[in-house]
Amino acid sequence: MKYQNYIFDLYGTLVDIHTDEGNLKLWRKMAAAYKKYGAVYTPAKMRKTYELLVKEAQKEVDEILIEPVFEKMFTMQNVTVDDETVVEMCHLFRKTSTEYIRLYPKVLESLDLLRKKGYRLWLLSNAQEVFTRYELRHLGLWAAFDGIYISSSFGFRKPDVRFFRSLLEEQQLDPKQCLMIGNDRETDIAGAKAAGLDTFYMHTALTPNDQSPADPENPMEFEGDDWERIVEILCKL
C-alpha cells in the first residue's frame, strides 16, 4: 500500500457539530454558575468579558488555551477557585453552546476497517483539548487512533506546518507514507501540502462556505460525508 498512515481532521471530517456561542441561554447559565462561587456577572457582561479575554489571548499565540480565560473571569471578580472548578466551567460552556454533536454515519466502522487492514491512524485537530478529549470519549473515538494531537496543547494550529511536524517528528513518520484527510482546503489541505503530505479533501456541510466543492475529476477529492464510500477509496490507495 502507498500510505501507511492516515491523518484525520476531526470536526467536519469525522464529526458533525453545531455550536452557538451567541446563545443567551449559554451566558445565563454561565453567569449563574459563576455566581455560585461569588463571581457576579450579568449574562451580557460575562459574554463581553469572555470575548475580550479571548481576543487578548489571541494576540500572544496562534492557538490559545481556553482554561486560563475561564480562570481569569474568576480572578477579575477577586474569586479564587481550583483547577477542577475551572474545568467544570469549561465543560458547562461547551455543553451548553453545543446544539448537537454526532459522528457521520459509518465512521467507527470505517476506522476499525482501516486499522484491521494495517493502517496507522492519527488525529490532528484544531480544537481545545478540554473540550475535545471529553467529546472523543463520548463519541467512542478515544481508542480509535494511534495518537491524538490537539492544537491547544501546542500553541499553534493548522495550517501551521509546525503542528504537522509535531506529529511527524514525534512519531517518526515518513511524510511520503502519510495522507492527510480533512474538510478544509485552507487548514487541512494547504497546511498538509506545505508539510510535504499528500491529501484527501472532503467537501462537507462544515467546509467553509467560501471554499470550492470537490473536483469530480480528482480522485483525491470527495463530495460529502459518505464514509462507507470514502473508506473503500482509502483502502485502494
Side-chain angles (χ1 to χ4, degrees), residues 3-19 21 63-68 70 83-158 160 162-173 177-184 187-188 191-192 197 200 202 204-206 225-228 230-231 234-235:
Y3 303 108
Q4 296 181 7
N5 301 278
Y6 284 143
I7 305 170
F8 296 88
D9 170 56
L10 182 60
Y11 302 110
T13 299
L14 302 174
V15 172
D16 185 16
I17 186 172
H18 186 266
T19 61
E21 295 182 4
E63 177 68 291
I64 71 169
L65 194 63
I66 202 66
E67 291 96 312
F70 287 100
D83 292 344
E84 184 177 344
T85 300
V86 173
V87 170
E88 178 187 338
M89 295 301 106
C90 293
H91 286 168
L92 176 63
F93 176 87
R94 181 66 165 184
K95 181 178 180 180
T96 308
S97 63
T98 300
E99 295 188 358
Y100 62 79
I101 181 170
R102 57 202 176 204
L103 292 172
Y104 288 124
K106 302 296 183 179
V107 162
L108 289 178
E109 296 89 337
S110 297
L111 296 178
D112 184 57
L113 177 60
L114 291 172
R115 296 195 79 168
K116 287 179 178 178
K117 287 185 172 294
Y119 297 99
R120 300 181 75 192
L121 310 182
W122 311 92
L123 184 70
L124 195 75
S125 176
N126 286 351
Q128 288 295 321
E129 186 165 352
V130 70
F131 300 156
T132 300
R133 284 187 175 272
Y134 171 80
E135 291 169 354
L136 289 173
R137 291 187 174 95
H138 171 70
L139 294 167
L141 286 173
W142 183 253
F145 302 100
D146 293 276
I148 294 171
Y149 288 72
I150 301 174
S151 60
S152 67
S153 299
F154 293 85
F156 38 77
R157 57 194 282 121
K158 296 174 289 185
D160 195 321
R162 292 177 295 174
F163 193 25
F164 294 89
R165 288 172 181 165
S166 295
L167 166 60
L168 298 174
E169 293 172 5
E170 184 173 318
Q171 300 297 336
Q172 299 182 343
L173 304 181
Q177 296 177 344
C178 299
L179 181 72
M180 177 72 208
I181 302 158
N183 74 303
D184 191 314
T187 58
D188 303 317
L197 305 177
F200 186 91
M202 295 170 54
T204 72
L206 292 184
D225 51 55
D226 185 347
W227 270 95
E228 193 166 17
I230 293 169
V231 75
L234 296 181
C235 286

- Message: Less than 4.5 Å apart, side chain to side chain, heavy atoms only: is that true for L139 and L14?
- Response: no
- Query: How many angstroms lie between CZ in F145 and CG in L111, if you round to the nearest 0.5 Å?
  - Reply: 5.0 Å
- Evaluation steps, side-chain contact (heavy atoms from CB on, under 4.5 Å), between I148 and T132: CA-CA 10 Å; I148 294 171; T132 300; over 6 Å; no
- Query: Does the side chain of L141 reach to within under 4.5 Å of the side chain of L108, using non-hydrogen atoms?
  - Reply: yes
- Query: Does the distance from a Lys or Arg side-chain N to an Asp or Glu carboxylate O, for D146 and R115, drop under 4.0 Å?
  - Reply: yes
- Side chains of D9 and T187: closer than 4.5 Å at any heavy-atom pair? no
- Message: Tell me whether T19 contacts the main-chain N or O of S97 through its side chain, where contact means a donor paired with an acceptor under 3.5 Å.
- Response: no
- Task: Looking only at non-hydrogen atoms, find the nearest pair between L65 and S152 and report the distance.
- Result: CD1-O, 3.5 Å
- CE-CZ distance between M180 and F164, expressed to the nearest 0.5 angstrom: 5.5 Å
- Item | Spatial distance of atom CZ (F163) from atom OH (Y149) [nearest 0.5 Å] | 9.5 Å
- Message: Rounded to the nearest 0.5 Å, what separates atom CG in L206 from atom OH in Y104?
- Response: 4.0 Å
- Item | Student check: side-chain heavy atoms of I230 and F200 closer than 4.5 Å | yes
- Message: Just to verify, what does H18 make a side chain to side chain donor-acceptor pair (under 3.5 Å) with, not counting sequence neighbours?
- Response: E99
- When rounded to the nearest 0.5 Å, the distance separating CG of D188 from CG of L10 is 10.5 Å
- Query: With side chains defined as the heavy atoms from C-beta onward, is the minimum distance between L197 and L168 less than 4.5 Å?
  - Reply: yes
- Query: Taking the side chain from S110 and the backbone from W227, do they hold a donor-acceptor pair closer than 3.5 Å?
  - Reply: yes
- Check: K158 side chain, L124 main-chain N or O, donor-acceptor pair, under 3.5 Å: yes
- For M202, does its backbone N or O pair with a side-chain atom of N183 as donor and acceptor, under 3.5 Å? no
- Message: Quick one, D160 and E63 - any side-chain contact, counting heavy atoms below 4.5 Å?
- Response: no
- Only pairs at least two apart or in different chains count here, so list each ring-ring contact (aromatic ring centres under 6.0 Å, His included) that has a residue in residues 113-133. Y6-Y119
- Query: CG/D112 to NZ/K106 distance, rounded to the nearest 0.5 angstrom?
  - Reply: 12.0 Å
- Message: Has Q128 got a side-chain atom pairing as donor or acceptor with I66's backbone, closer than 3.5 angstrom?
- Response: yes
- Query: Is R157 close enough and on-axis enough to Y11, meaning under 6.0 Å and within 45°, for cation-pi?
  - Reply: no
- Query: What do the steps show when you test F70 against V130 for side-chain contact (heavy atoms from CB on, under 4.5 Å), and what is the final call?
  - Reply: CA-CA 12 Å; F70 287 100; V130 70; over 6 Å; no
- Message: Do T13 and T204 make a side-chain contact, defined as non-hydrogen atoms from C-beta onward lying under 4.5 Å apart?
- Response: no
- Query: Which is it for D16 and D225 under the side-chain contact (heavy atoms from CB on, under 4.5 Å) test, yes or no, and what are the steps along the way?
  - Reply: CA-CA 9 Å; D16 185 16; D225 51 55; over 6 Å; no
- Check: A127 main-chain N/O paired with S151 side-chain donor or acceptor under 3.5 Å: yes
- Item | Where L121 and A144 come nearest, the two heavy atoms and their spacing | CD1-O, 3.7 Å
- Is it the case that more than 12 heavy atoms not belonging to Y134 sit under 6.0 Å from its OH atom? no
- Message: Between L179 and L234, is there a side-chain heavy-atom distance shorter than 4.5 Å?
- Response: yes
- Check for a donor-acceptor pair, side chain of E228 on one end and backbone N or O of P105 on the other, with a separation under 3.5 Å. no
